[in-house]
Amino acid sequence: MQNFKKLLSQRLLDAINIGFANPTITENDLIDMLEYPPDTTMGDIALPCFKLSRTLRRSPVQIAQIIAENLNDEAIKKAEPVNGYLNISISDSYLERVLNTDILTKGDSYGASDLGKGKTVVLDYSSPNVAKPFHIGHLGTTVIGHSLKKLHQFVGYDCVGINYLGDWGTQFGKMIVAYKKWGNRDEINAGGIDKLVELYVKFHHAAEEDPALNDEARAEFRKLELNDEENIALWKWFIEISVAEYKKTYGQLGIEFDSYKGESFYTDKMPAQVQKLRDMNLLKIDDGASIVDLEEYNMPPCLILKRDGSTLYPTRDIAAAVYRKQTYNFDKAIYVTSAGQSLHFAQWFKVVELMGYDWYDKLVHVPYGTVSINGAKLATRTGNVILLKDLFAQAIEKVAEIMEEKNPDLENKDKVAEAVGVGAIVFYYLSSNRIRDINFVLEDALSFDGNTGPYVQYTYARTCSLLEKAGDFKEDLDIIFTADEERELIKTLARFPEKVIEAIEAYEPSIITRYILDVAAAFNRFYHNCQILSANDEAVLNTRIKLTKATNFVLGNAFELICLKKTKKI
Ligand code: ARG
């Protein structure tokens with residue numbers, strides 16, 4: 001509809017120029033004013049004329065009337081003034097053009113654009129803390145982050161996905177102590193990250209009884225900082241084991257990162273930034289620690305160095321941002337984390353600004369709400385957490401059971417169950433606004449009937465099997481719309497490109513998720529009310545195959561944007 005809005009605003013401007021003397025209105029003003037009415041029986045798009053009243057010096061009712069009289073285009077079926085609104089309906093010939101020229105010709109790239117051409121976006125997401133559990137709290141950063149990457153790529157940006165691993169810090173001292181006391185190399189090699197987490201949890205329980213263990217951990221971490229050979233080797237090994245495990249989960253989601261430069265990479269890049277802060281007189285000593293005072297900006301101070309001179313989370317983030325600016329010269333750097341870290345980001349973004357870096361306003365924090373499962377919250381230290389891989393495994397198992405009943409002869413059952421099970425979790429998660437807290441109810445997420453991942457994947461598979469049966473459509477046969485369901489479907493499909501833009505502007509993948517539901521609903525109404533394969537007129541049949549193909553493209557393209565696999569058969 002983006003194109004329709006553009007075309008319409010040109011015609012509206014023409015009509016205004018005929019009906020009014022010296023109007024000071026631009027096409028873009030008009031594009032911004034156009035609205036989609038909630039009830040489409042009134043029209044497909046509306047111009048609320050009260051917004052023009054002041055400039056055109058007439059009442060909204062008169063304005064709507066005058067524009068209606070002068071508005072004319074093949075793309076417009078009807079323009080009706082109603083109570084100060086101008087309600088416009090789209091003509092079949094325009095819908096035809098959308099179907100043929102926009103969607104079917106562009107296919108896989110329908111919805112894409114070159115809006116971001118020549119610009120780079122760096123996205124920092126997932127970024128788990130090594131040796132700590134990769135739990136469902138990480139689902140948000142992982143799938144929102146990746147979806148934002150896909151969305152930006154789709155509109156032409158060069159994207160760099162960075163997994164800023166939490167691979168440095170006192171937890172490694174703890175891990176080293178725990179390993180030296182209770183660990184077993186073969187067991188860890190065989191058991192992977194779970195064994196590491198077990199050690200981590202064991203350490204915390206033991207340290208509650210015997211706080212001296214914490215001193216030992218600090219000493220081991222100190223040795224690590226001083227490049228002690230044994231500790232460095234252990235540290236590298238812990239990371240290797242953890243990353244191998246994360247990659248399995250990323251693989252299930254179809255996610256790959258361009259960089260795994262974690263916190264440790266910035267160790268030698270911090271001193272220069274600390275020095276700069278000092279030189280600029282931005283550092284204050286407070287109780288031995290070095291801080292940047294942010295009182296003027298209504299924030300608590302940003303901690304840069306502890307009393308003992310060691311660096312902190314914000315220090316590393318500042319150094320990493322400078323490095324990324326130098327390395328990638330980004331136009332935007334996006335950080336996806338839980339809303340619990342919002343203050344941290346606001347603080348160090350401000351510090352970057354105070355340091356005189358003129359790119360401070362290219363830093364974007366994208367926060368999201370908390371996740372619980374069946375009402376239960378998470379706790380890391382006690383080991384009482386739900387791991388992301390376990391949640392996926394559970395979903396896959398349940399889907400496999402459902403499919404065994406529904407379609408026992410399906411080929412590649414395991415692969416399909418994985419795509420649908422993981423997809424169900426992702427879709428459920430991305431269905432609500434990111435900032436809302438989410439309570440997972442697995443049954444709801446996995447249902448084939450609700451507004452779920454399985455339902456939309458099933459709809460996609462339905463388009464595939466229809467197309468397989470129908471064979472190719474004919475290019476040059478006339479298009480004939482004979483049912484409102486057909487028109488509603490194509491109008492829904494026409495909105496995809498602007499949904500992509502909306503999702504990017506709001507950093508909100510749920511806009512795509514909800515749009516997918518609109519498409520699935522419109523397609524299923526069409527499917528149930530129009531005979532597709534048994535239509536008895538050749539042109540009607542061909543039109544319906546084209547509509548099915550167009551739906552297949554749009555669903556497929558939209559799935560890609562939210563980490564949902566395109567499954568041809570379910
Ligand atoms: N490792 C951090 C955590 O799990 C997230 C890192 C987010 N990115 C950043 N640049 N601070 O809480």
Side-chain angles (χ1 to χ4, degrees), residues 121-146 148-149 159-172 174-175 193 196-197 200 235 238-239 242-243 245-246 249-250 255 257-267 269-270 273 302-304 311-328 330 332-352 357 359-360 362-371 377-381 385-389 434 507:
V121 175
V122 168
L123 300 104
D124 175 318
Y125 63 101
S126 201
S127 311
N129 293 328
V130 172
K132 290 191 192 171
F134 192 33
H135 55 75
I136 55 163
H138 294 104
L139 181 63
T141 168
T142 307
V143 296
I144 294 170
H146 198 66
L148 292 178
K149 181 180 175 195
C159 293
V160 187
I162 299 180
N163 197 328
Y164 181 64
L165 291 176
D167 62 359
W168 200 243
T170 42
Q171 82 258 33
F172 286 95
K174 295 174 186 172
M175 283 304 304
I193 201 169
L196 290 183
V197 173
Y200 184 76
W235 167 70
F238 294 154
I239 293 172
S242 306
V243 171
E245 181 79 24
Y246 303 148
T249 304
Y250 296 142
I255 294 180
F257 286 91
D258 304 295
S259 158
Y260 273 90
K261 285 196 171 67
E263 295 191 27
S264 67
F265 178 77
Y266 298 97
T267 307
K269 301 184 175 46
M270 284 182 280
Q273 300 311 317
C302 183
L303 296 168
I304 302 293
T311 53
L312 285 131
Y313 190 40
T315 329
R316 260 185 301 283
D317 258 325
I318 294 166
V322 172
Y323 172 85
R324 290 172 189 173
K325 183 67 192 166
Q326 282 163 357
T327 310
Y328 304 110
F330 56 71
K332 211 156 52 166
I334 296 173
Y335 298 83
V336 187
T337 78
S338 73
Q341 297 197 29
S342 294
L343 178 62
H344 160 75
F345 282 94
Q347 285 175 308
W348 77 258
F349 286 1
K350 185 47 109 183
V351 173
V352 167
Y357 289 116
W359 41 267
Y360 70 91
K362 314 252 189 250
L363 303 170
V364 184
H365 179 229
V366 177
Y368 60 86
T370 60
V371 181
K377 282 252 156 81
L378 305 157
T380 321
R381 296 219 164 158
V385 294
I386 295 158
L387 302 179
L388 197 50
K389 64 171 180 177
R434 60 178 157 75
Y507 301 97

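Start at 1 and go down the list; that is how both ligands and their atoms are numbered.
- Considering only residues two or more places apart in sequence or on other chains, Ala339 meets the side chain to side chain contact (heavy atoms under 4.5 Å, CB included) condition with Ser342, Pro367, Ile435.
- Under the salt bridge (charged side-chain N to carboxylate O under 4.0 Å, His left out) criterion, Lys389 pairs with Asp194, Glu245, sequence neighbours left out.
- The aromatic rings of Trp235 and Phe172 sit perpendicular, their planes meeting at an angle over 60°, well past the 30° parallel limit.
- For ligand 1, the 4.0 Å heavy-atom shell contains residues Asp124, Ser127, Asn129, Tyr164, Tyr313, Asp317, Tyr335, Thr337, Gln341, Phe345.
- The aromatic rings of Phe257 and Tyr125 sit tilted, their planes meeting at an angle between 30° and 60°.
- Looking at residues two or more places apart in sequence or on another chain, you find a side-chain hydrogen bond (donor to acceptor under 3.5 Å, both in side chains) between Thr337 and His365.
- Using bins of under 30°, 30° to 60° and over 60° for the plane-to-plane angle, the ring pair Phe349/Phe345 lands in the perpendicular bin.
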